[in-house]
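Report on the following structure.
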Protein chains: 2
Amino acid sequence: MFALDAETKAAEGPEHHRDELRLWLRLLTCTTMIEGEVRRRLRERFDVTLPRFDLMAQLDRAPQGLTLSNISKRMMVSNGNVTGLVDRLVETGHLERRAAPRDGRARLISLTPLGRAEFRAMAAEHETWIAEMFSGLGPGDVADLLRLLAKTKRSAAAAS
Amino acid sequence: MFALDAETKAAEGPEHHRDELRLWLRLLTCTTMIEGEVRRRLRERFDVTLPRFDLMAQLDRAPQGLTLSNISKRMMVSNGNVTGLVDRLVETGHLERRAAPRDGRARLISLTPLGRAEFRAMAAEHETWIAEMFSGLGPGDVADLLRLLAKTKRSAAAAS
DNA sequence: ACAAGATGTTTTAGGCTTAAAGTAATTCGG
DNA sequence: CCGAATTACTTTAAGCCTAAAACATCTTGT
């Protein structure tokens, strides 16, 4: 084992991390492919963008509403980005802004009844799309990936 | 096995695919975290954006140059997007456009010596960042993920 | 040769995204 | 109580991104 590692390192030179780089590119390819297909179907079936869908998904899980900061943390995007998304979804009647109870700076964003109804319909179909795209994996594969990606997430978080 | 599956389905209701959805969200989280950190470091260390880095990476592997269509296929982004990226990198002296040998429609894009030198310096550091972010995984984990993500890629491609 | 279709690139309009700067409200130390 | 720091949100400037349409060139069938 030791000899093999030494040999491998010698053959590839020092400081090479090819496998991790390949892994990163493969991870990125998978995500880009699936995300692109989801984006395409959301537009085609519901004439909605993926960021709007993602925002509504966050709000659907929080019936009492969320502040903008909270949303931007959960979505891992900038504050200004969320401001614009909310603007457009308020404009279309899917979201509403109201004052936060005891903080004059904050505003609570929540789904309107229209927004909730439309989101639920989209989410049901979305879930079948995802299942379809992962249908080539067995239950064991899914479990393995869930575990390995949890580990990856911790590893990446430690480096940030 | 059969009884357990039937029970599980009955408990969750028909047509539910929770694990696949969780897997997709976890995949997306990992990618977003790593991508965000790479983006931040590229800006901080080299004052370059991730799309520009990705474009230069494609061209570094193809010394003879690539057409725009070819680039957009490899990067999985739209044609118009690549036009704009190339415009900006030609402007800064990193890329050059020249006529394709036997096709008057196509143009070959390639790195200038400046572009190549700058890319190589960035790429070396980039590779260590990636290795760092995946350092919480063992060699076996990396191999498992490479295999499972290859399977995921095939599965997603089949659904598109 | 020529029309029809395919392919390669650019343009356009609109939306997404970020970093950084700006505005407003709260909290906290003294 | 009050000024300083913090927190919440918005605005701005620049760039990224897509779909669709427009243009240009090549290929193919006849």
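First the proteins, then the strands, lettered A, B, ... as listed; each starts at 1.
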How long is the gap from CZ on B:R18 to CD on A:E127, to the nearest 0.5 Å?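 With rounding to 0.5 Å, CZ (B:R18) is 4.5 Å from CD (A:E127).
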Working to the nearest 0.5 angstrom, can you tell me the gap between B:L114 CG and B:H94 NE2?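 Output value for this atom pair is 4.5 Å.
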Nearest to the [X] side chain among [options], which nucleotide is it?
{"X": "A:V77", "options": "D:dT10, C:dT18, C:dT9", "answer": "C:dT18"}
{"X": "B:T49", "options": "C:dG8, C:dT10, D:dC16", "answer": "D:dC16"}
{"X": "B:S69", "options": "C:dT10, C:dG8, D:dA8", "answer": "C:dG8"}
{"X": "B:N81", "options": "C:dG8, D:dA19, D:dT18", "answer": "D:dT18"}

Within the 4.0 Å heavy-atom criterion, would you say [X] contacts the bases, only the backbone, or no part of the nucleic acid?
{"X": "A:R52", "result": "sugar-phosphate"}
{"X": "B:D103", "result": "sugar-phosphate"}
{"X": "A:R97", "result": "sugar-phosphate"}
{"X": "B:S78", "result": "base"}
{"X": "A:R107", "result": "sugar-phosphate"}
{"X": "A:T83", "result": "base"}

Does the distance from a Lys or Arg side-chain N to an Asp or Glu carboxylate O, for B:R40 and B:E37, drop under 4.0 Å?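 Yes.
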Could you tell me the separation between the [atom1] atom of [X] and the [atom2] atom of [N], rounded to a whole number of Å?
{"X": "A:N79", "N": "C:dA20", "atom1": "CG", "atom2": "C1'", "answer": "12 Å"}
{"X": "A:L85", "N": "D:dT10", "atom1": "CG", "atom2": "P", "answer": "12 Å"}
{"X": "A:I71", "N": "D:dA8", "atom1": "CD1", "atom2": "C1'", "answer": "12 Å"}
{"X": "A:L50", "N": "C:dT17", "atom1": "CG", "atom2": "P", "answer": "8 Å"}
{"X": "A:R98", "N": "D:dA8", "atom1": "CZ", "atom2": "P", "answer": "17 Å"}
{"X": "A:M75", "N": "C:dC16", "atom1": "CE", "atom2": "C1'", "answer": "10 Å"}
{"X": "A:D47", "N": "C:dG15", "atom1": "CG", "atom2": "P", "answer": "11 Å"}
{"X": "A:E44", "N": "D:dT18", "atom1": "CD", "atom2": "P", "answer": "17 Å"}

Quick one: does any side-chain atom of A:R26 pair with a main-chain N or O of B:L146 as donor and acceptor, under 3.5 Å?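 Checked: pair present.
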Is any side-chain heavy atom of A:L137 less than 4.5 Å from a side-chain heavy atom of B:K151?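 Yes. Closest side-chain heavy atoms under 4.5 Å.
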With a 3.5 Å cut-off and just heavy-atom distances, do the side chain of A:R105 and the base of C:dT26 make a donor-acceptor pair?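 Under the 3.5 Å cut-off, the side chain and the base do not form any donor-acceptor pair.
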Please figure out whether A:G84 or B:R43 has its closest DNA chain C nucleotide nearer the 5' end.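 Looking at the nearest nucleotide for each, A:G84 comes out on the 5' side.
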Indicate, with yes or no, if A:L27 and B:L148 share a hydrophobic cluster defined by side-chain heavy-atom contacts under 4.5 Å among Ile, Leu, Val, Met, Phe, Trp and Tyr.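 Shared cluster, yes.
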Quick check: on DNA chain D, is the nucleotide nearest A:G36 upstream (toward 5') of the one nearest B:G104, or the reverse? Name the residue that is more 5'.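 This one resolves to A:G36.
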